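We count ligands from 1, going down the list as the structure has it; atoms in each ligand are counted the same way. Just so it is clear, the structure is predicted and the values come from calculations on it, not from any experiment. Note: hydrogens, waters and symmetry copies are ignored here, and every other heavy atom, side chains too, is used.
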Amino acid sequence: MFDVIIAGCGPTGAVLAAELRLHDVRVLVLEKETEPPSFVRIVGLHSRSLELMAMRGLLDRIRAHGRQRPAGGFFAAIAKPAPPGLDSAYAYLLGIPQPVIVRLLEEHAIDLGAQVRHGCAVVGLAQDGGGVTVELADGERLRSRYLVGCDGGRSTVRKLLGVGFPGEPSRVETLMGEMEVGVPPEEVAATVTAVRETEHRFWLRPFGAGVYSVVVPAAGVSDRARPPTLEDFQQQLRAIAGTDFGVHSPRWLSRFGDATRLAERYRVGRVLLAGDAAHIHPPIGGQGLNLGVQDAFNLGWKLAAQVRGWAPETLLDTYQAERQPVAADVLDNTRAQMELLSTEPGPQAVRRLLTELMDFDEVNRYLTEKITATGVRYDVGEGPDLLGRRLRDIEVKQGHLYGLLRRGRGLLLDRTERLAVGGWSDRVDYLGDPTAALDVPCVLLRPDGHVAWIGDDQQDLDEHLSRWFGRPR
Ligand SMILES: Cc1cc2nc3c(=O)[nH]c(=O)nc-3n(C[C@H](O)[C@H](O)[C@H](O)COP(=O)(O)OP(=O)(O)OC[C@H]3O[C@@H](n4cnc5c(N)ncnc54)[C@H](O)[C@@H]3O)c2cc1C
């Protein structure tokens, strides 16, 4: 009997397993595949995900495998630098191959004590008052108190639950791959610049060692049932750019669509959904993996509280209440970005207008905060603007704030030095006189770094401690 079984060891499942282990929850992760994926999709970790990695002491390990890039220029690939003064100590993008980040996150979960079994596909589930029975493809049955489907966009768990996944099917297909080119770099650069004036779903970017990352519309080529070929790329490059750049020696070739869907529910009894299992959208802006990782940080401590028995009654349901609107917003911004990539005159005109508007720092900041998820604010009640937002990594007397959040516990930052966490000290840490950088008297941080309370009154604090961390000991 496990406390939690997680279906899928992608980025979302691996992070969730690690978060649960911080609270000694017995976790088993079941991963269908025996080998890492063959595609080497390069994904970007945006500021909020980097903050979360820093919070758990993982950032240095991950950063060593990635390449830092400026935080700007991601909204609809409109080439604008990030606005000045972004509110994050990690205001950059870290480009990293997805298999590498998945491996690092899985290793982290295992280091913390999670069990991961590869080659185990979940094919059935049944839940009752005491737990969930999970059936594997080979007929084995396992039992746990909770099950979380982190099994990607085609989620078996979501289908078995019968949870609706409304939205739009894929209409626009894009080819993506890595290969070598047969013409000089200057020639590639000149042609790419000219074509990208009007065709924004196209690029050839040097990727080091003579290899180029190639993205080109798939329109009309190849059937979706078979993997794309080098000839598909050559044909499309000729159609779009008038030349195939002599591409050869592909490293990998893939195709992605723009299907956009959001799960109707994130929880049915003892079974929950997170990551792509709960939401899919086109990869423009590079937000999908980030969104899943952030789901896992939101869910981890709440599910752990439920398992450990201290969760207030409604805590677990705040997962859907908080995360579904965030996903809906990402779906909308990717819909908008896809429109802005269209070659039709209307969308091109809107793109030109938005490009001008992004010269206003406030507009640029608003869009950048959307893409980087640093602008997320959960509805935790009325109060100052900081309430419900995440707090940036500020310097405190003991070093960095995020260094104090490693163990996944709550934290009270008390400038008044008059308040106490009392009977919640087994779940919430206390830091008196933290820093002058905090311009409010006291802040209660949740384990995911979001502000749950601001004030200076002990009774009010106790009520909020009860709301988020249950009854005092
Ligand atoms: C071309 C492209 C570029 C992208 N670029 C970015 C980017 O720059 N930034 C970004 O944030 N996102 C990006 N994304 C999106 C990102 O790859 C996904 O959002 C991310 O992989 C979702 O993670 P996940 O863990 O939720 O699901 P997945 O990564 O799909 O992992 C699900 C796991 O579950 C396993 N599984 C499936 N079914 C079962 C089962 N029945 N039982 C057990 N295991 C099962 C699968 O084998 C898999 O390992 C991109 C996507 C594409 C297509």
Side-chain angles (χ1 to χ4, degrees), residues 5-17 28-50 66 69 74 77 93-99 101-103 105-106 109 116-125 134-138 140 142 147-160 170 173-178 201 213-215 218 228 252-259 261 263 273-296 299 323 327 330-331 334 371-373:
I5 290 180
I6 297 172
C9 197
T12 307
V15 167
L16 181 62
L28 172 67
V29 188
L30 299 169
E31 167 54 50
K32 182 176 69 168
E33 302 295 338
T34 45
E35 298 292 326
S38 56
F39 61 84
V40 189
R41 185 187 299 160
I42 303 292
V43 296
L45 289 184
H46 287 293
S47 295
R48 181 57 186 151
S49 300
L50 296 173
R69 289 179 51 193
F74 289 96
L93 174 115
L94 190 76
I96 188 165
Q98 181 152 340
I101 182 84
V102 171
R103 175 174 56 79
L105 293 172
E106 182 180 332
V116 181
R117 282 170 60 182
H118 284 260
C120 295
V122 171
V123 297
L125 68 91
V134 175
E135 190 185 336
L136 305 187
D138 64 3
E140 185 182 356
L142 297 162
L147 167 69
V148 188
C150 298
D151 48 348
R154 296 193 171 90
S155 171
T156 303
V157 173
R158 187 190 64 236
K159 289 173 191 158
L160 289 168
S170 182
E173 299 276 316
T174 307
L175 300 178
M176 183 178 195
E178 276 179 25
R201 283 197 302 127
S213 158
V214 179
V215 169
W252 55 268
L253 305 172
S254 73
R255 173 199 285 105
F256 61 87
D258 67 342
R261 296 182 181 278
L273 299 170
D276 274 17
H279 38 69
I280 54 166
H281 56 81
I284 179 81
Q287 300 166 90
L289 181 146
N290 289 266
L291 192 59
V293 163
Q294 290 154 26
D295 283 350
L299 176 59
R323 292 305 297 172
V330 170
L331 263 55
T334 54
I371 295 282
T372 58

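Counting only heavy atoms from C-beta outward, the side chains of F256 and P282 never approach each other to under 4.5 Å. Two residues are said to be in side-chain contact when any heavy atoms from C-beta on lie closer than 4.5 Å; L289 and L45 meet this criterion. H279 places a side-chain heavy atom less than 4.5 Å from the side chain of L331.
By the criterion of a heavy-atom distance under 4.0 Å, neither the backbone nor the side chain of A277 is placed next to ligand 1. In P11, the parts holding a heavy atom less than 4.0 Å from any atom of ligand 1 are both the side chain and the backbone. At a heavy-atom distance under 4.0 Å, only backbone atoms of C120 (N, CA, C or O) approach ligand 1. Contacts of L289 with ligand 1, taken as heavy-atom pairs under 4.0 Å, involve both backbone and side chain. When heavy-atom distances to ligand 1 are checked against a 4.0 Å cut-off, H46 has no atom that comes that close, whether in backbone or side chain.
Of the residues L125, L142, V148, V29, the one that meets the side-chain contact (heavy atoms from CB on, under 4.5 Å) test with I5 is L142.
In terms of protein heavy atoms, atom 17 (O) of ligand 1 is closest to R41 NH1, 2.7 Å. Looking only at protein heavy atoms, the nearest one to atom 18 (C) of ligand 1 is D276 OD2, 3.4 Å. Annotation: atom 8 (O) of ligand 1 to nearest protein heavy atom, G44 N, 3.0 Å. Looking at atom 34 (O) of ligand 1, its nearest protein heavy atom turns out to be G8 CA, 3.2 Å. Among all protein heavy atoms, the one lying closest to atom 27 (O) of ligand 1 is G152 CA, 3.7 Å.
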Residues K159, R154; criterion side-chain contact (heavy atoms from CB on, under 4.5 Å); working and verdict: CA-CA 8 Å; K159 289 173 191 158; R154 296 193 171 90; 4.0 Å; yes

Mind running side-chain hydrogen bond (donor to acceptor under 3.5 Å, both in side chains) on S49 and Q294 for me, showing each step along the way? CA-CA 7 Å; S49 300; Q294 290 154 26; 3.0 Å; yes

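Looking only at distances, a side-chain donor or acceptor of R158 sits under 3.5 Å from a matching main-chain atom of A277. A donor-acceptor pair is defined here as one N or O able to donate and one able to accept, closer than 3.5 Å; no such pair exists between the side chain of D151 and the backbone of A7. Checked by atom type and distance alone, the side chain of E31 pairs as donor or acceptor with a backbone atom of C9 at under 3.5 Å. A donor-acceptor pair under 3.5 Å links the side-chain atoms of H46 to the main chain of G285, judged by distance alone.
Nearest approach of G44 to N290, heavy atoms of both residues: O-ND2, 2.8 Å. Annotation for L16 and C150: closest pair CD2-SG, 4.1 Å, computed over non-hydrogen atoms.
Of all the atoms in ligand 1, the ones that sit under 4.0 Å from a non-hydrogen atom of T156 are 41 (N). For ligand 1, the atoms closer than 4.0 angstrom to any heavy atom of Q287 are 9 (N), 10 (C), 11 (O). Of all atoms in ligand 1, numbered sequentially from 1 with element shown, those under 4.0 Å from a heavy atom of G275 are 26 (O). Residue contact check: C150 has heavy atoms under 4.0 Å from atoms 32 (C), 33 (C), 34 (O) of ligand 1. Heavy-atom proximity to Q98, at under 4.0 Å, picks out these atoms of ligand 1: 16 (C), 17 (O), 20 (C), 21 (O), 29 (O). Atoms of ligand 1 lying under 4.0 Å from at least one heavy atom of N290, given by number and element, are 9 (N), 10 (C), 11 (O). Ligand-side atoms of ligand 1 in range of M176: 1 (C), range being under 4.0 angstrom from any heavy atom. Applying the 4.0 Å criterion to heavy atoms of L30 picks out, from ligand 1, the atoms 43 (C), 44 (N).
Within the structure, the salt bridge (charged side-chain N to carboxylate O under 4.0 Å, His left out) test picks out no pair touching residues 277-287 (sequence neighbours left out).
Ligand 1 lies out of reach of G292, whose nearest heavy atom is not under 4.0 Å from it.
The closest heavy-atom contact to atom 47 (O) of ligand 1, among the options E31, E106, K32, R154, comes from E31. Between the choices T34, L136, T12, V29, the shortest heavy-atom distance to atom 26 (O) of ligand 1 belongs to T12.
At a 3.5 angstrom cut-off on N or O pairs, A274 does not count as close to ligand 1. The shortest N or O to N or O distance between G288 and ligand 1 is below 3.5 Å. Considering backbone and side-chain atoms alike, V122 places an N or O below 3.5 Å from some N or O of ligand 1.
Residues satisfying the side chain to side chain donor-acceptor pair (under 3.5 Å) test with T174, not counting sequence neighbours, are R201.
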